[in-house]
Amino acid sequence: MKTRNHLSNVGIAHQVEIISNGLLDIPMLQILSPEGQVHEAATEPALDKETALKIFHTMQYIRVLDERMIAAQRQGRISFYLACTGEEASTVASAAALSPDDMIMSQYREQGALAYRGYTTEEFMNQMFSNEKEPNKGRQMPIHYGAKEHNFMTISSPLGTQIPQASGYAYGQKMAGKEAITICYFGEGAASEGDFHAGLNMAAVLNCPVIFFCRNNGYAISTPAEEQFKGDGIASRGIGYGIKTIRVDGNDFLAVYAATQKAREIALSENCPVLIESMSYRLAAHSTSDDPTGYRSREEEAKWREKDPIARMALWLTAKGWLDEKANEKEVESMRQDVLQELKRVEQVPVCKIDEIVNDVYDQVPWHLKEQLTELKEHISKYPEQYPKTSGRIN
Amino acid sequence: MATMNMLQAVNSALMTAMDQDERVMVFGEDVGHFGGVFRATSNLQEKFGKGRVFNTPLVEQGIIGFANGLAAQGSVPVAEIQFGDYIFPAFDQIVNETAKWRYRSGGQFSVGTLTIRTPYGGGISGGLYHSQSPEAFFSHCPGIKIVTPRNPYQAKGLLLASIRDDNPVLFMEPKRLYRASVGEVPEEDYQLPLGKAEVVKEGSDITLLAWGAQMEVIEKAALMAEKDGISCEIVDLRSILPWDAETVCESVQKTGRLLINHEAPQTSGFAAEIATTVQEKCFLYLESPIARVCGLDTPYPLAHEKEYMPDEFKTYEAIKRTMNY
């Protein structure tokens, strides 16, 4: 790549030629056709049966979990949920291409990556029911997962804040001599935030081994990508920042897997960021608080439903002779049962004791918070029926 | 008069302002065709076109920076920040730019036509990042006004006054009341004064002061206290900056006691500023220390939301403590 970051490197022209948008035309890597066949010109990444099935089952599991949890939200059992339907290949296949030591910094639609790392149904539920067993101690809304043992940084709601943080985390990994990188997931809407620009620029300049993984799913709540940015998607921005970039078909798990594997190799060996733009579609609503019928057509959704990444992968597995349809049906059914049973069980687990309200604000509880906790406990003891979640466990 | 909820009242104010002045523009994340996440801007794009009502990219600092430029040029921007929690990326644009524009240019330029609308506050299972009440951060910043309505009638009248005020206004909408608070709202144009508190109910023993959604809380607490024979005067501050010290002090001089309730954490919350001023101006009238019933000095938690809230029971207890001091 030519670098022209100073006057001394700039070539000279003698005519006024404004460079037009569209000069860059970044193609999209597709290995698996929508019909589930490997393109002739494509190189199929090496993938053993076990890994392939793990990817597939994780994708199916996440869809089951999403469906069940949306229903649970509708029944008023949890307050909020955010599904990743249609984007399962994007997050699961990318996570599969990583090492478990790599840090995941996610936005909020990457439950597939976490599930791939072994987060259990019970752990998902504990978080969503904000109970005393979950590591966030019931402080955050549902879907704000975090798991230190899985190198999955706890999610924060403000959009895009994880992007510059990922650059910093990756720089730290490099300085500590770790054989690990950071992957940072975000949506194309978040790429409008100032944090995106700051994070990419710093990663490029400071040579941070980080993969920026943009899920371009077409909508930022109700705002379509066309009203969010101009130019050739998010990929062109990576190039603008001097970052190695690839665009992939986000509904093609092979393309996502191959690209992420390559990106990781480059990030680690060359100590530099890589941007992946994964082109997909948010088949689900933005969240359970959203209603996409207010801003997009059912026809548009139906068109994308035909590109279902799970169905596409199933065709590939079947062609390989790796998928036993009946056994798979059983497996999906058992996932459903597992989710239902855990749901019923976990919703009975109480929330943390009230003492947790003042913990973790600082490393130690300062005097004013101790005082506030004492007053609060006295108050709850006086009105136990008003604070039923905690009044029975004051001491 | 029509019956409206707070969202409809906000919508009616925007409709009125846009009808009356074609310089008024409404924009922010999802505010266009969709009408915003809470639907406060519904039907505006259909009526006034995409030039005046539009979606912006997801970038709060950009929204306010853009709004500053628009206002400096002579438009009347009404910019929406989708949740008060997400106003912080725009903090620099508001605190260093919006608020100082007129002062730094010796009055040559101003962004006084700017209004920033944002939903704030908890009680909606929003957890850490959908429940904050950031008014105190902005109250420390000279050059902007801060306004909070308590019901649909106030929302329309105060929003219209904010849009037409020649100072930048941060208009904070209590989202817990968006659909919960319903009342009579004139369909025609009207304004309520900025910088003016309202005595909602007269009383003689103690002044209860709050704003926005916490008004309901002090009203409930007052009903409980009145059963004990305590007469509460209820004051809605309405404008947090500049705040109406005169009305508040007059009330305290009459009752001799003051309780301030706000949802934001107590330390450096706006109650601290009010308490200091009242203590300076009304020291000899005070029968007991000024009471504060506020959020805890922790982030706003999800599972312990009920416990965190400065609710009517905590307020009622504080009233009794103040009375029995």
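Chain naming here is simple, since letters A, B, ... match the order of the sequence lines and numbering starts at 1 in each. What you see is a predicted model, and the numbers here were worked out from it, not measured in a lab. We use all heavy atoms of the structure for the numbers below, so side chains are in, but hydrogens, waters and symmetry mates are not.
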Contacting moiety of A:K230, where chain B heavy atoms sit under 4.5 Å | neither

Contact class of A:L376 relative to chain B, heavy atoms under 4.5 angstrom = side chain

Among B:Q82, B:Q61, B:E29, B:E60, residue most engaged with chain A (heavy-atom pairs, under 4.5 Å) = B:E60

Indicate yes or no: at least one non-hydrogen side-chain atom of A:Q140 is less than 4.5 angstrom from one of B:L302.
-> no

Which bit of B:Y316 is near chain A, if near means a heavy-atom gap under 4.5 Å: side chain, backbone, both or neither?
-> side chain

Under 4.5 Å from a heavy atom of chain A, the part of B:Y86 involved | side chain

Heavy-atom side-chain proximity of B:H33 to A:S222 below 4.5 angstrom = no

Polar contact flag, side-chain donor to acceptor under 3.5 angstrom, B:E317-A:Y383 = yes

Nearest heavy atoms of A:Q386 and B:K306, plus distance in Å = O-CE, 3.0 Å

Given that the side chain runs from C-beta out, which part of A:D360 has a heavy atom under 4.5 Å from chain B: side chain, backbone, both or neither?
-> neither

Does one side chain, of A:Y387 or B:D311, offer a donor that lies under 3.5 Å from an acceptor on the other?
-> yes

Toward chain A, the part of B:D85 with a non-hydrogen atom under 4.5 Å | neither

Would you check if B:E307 and A:K389 make a side-chain contact, meaning some heavy-atom pair closer than 4.5 Å?
-> yes

Note, A:M141 side chain near B:Y129 side chain (heavy atom, < 4.5 Å) = no

Side chain, backbone, both or neither: which part of B:V31 has an atom under 4.5 Å from a heavy atom of chain A?
-> neither

Considering only heavy atoms and a distance below 4.5 Å, find which of A:A190, A:A191, A:S391, A:S156 pairs most often with chain B.
-> A:S156

Separation between CD (A:E375) and CG (B:L296), nearest 0.5 Å, reads 9.5 Å

Quick one: what part of B:F54 sits under 4.5 Å from any heavy atom of chain A, side chain, backbone, both or neither?
-> neither

Given the options B:L128, B:N55, B:T298, B:D297, which has more heavy-atom pairs under 4.5 Å with chain A than any of the others?
-> B:D297

Sort out for me which of B:G62, B:P89, B:G126 touches chain A most, counting heavy-atom pairs under 4.5 Å.
-> B:G126

Determine the option with the most heavy-atom pairs under 4.5 angstrom with chain A, choosing from B:G32, B:G127, B:P57, B:P299.
-> B:P57

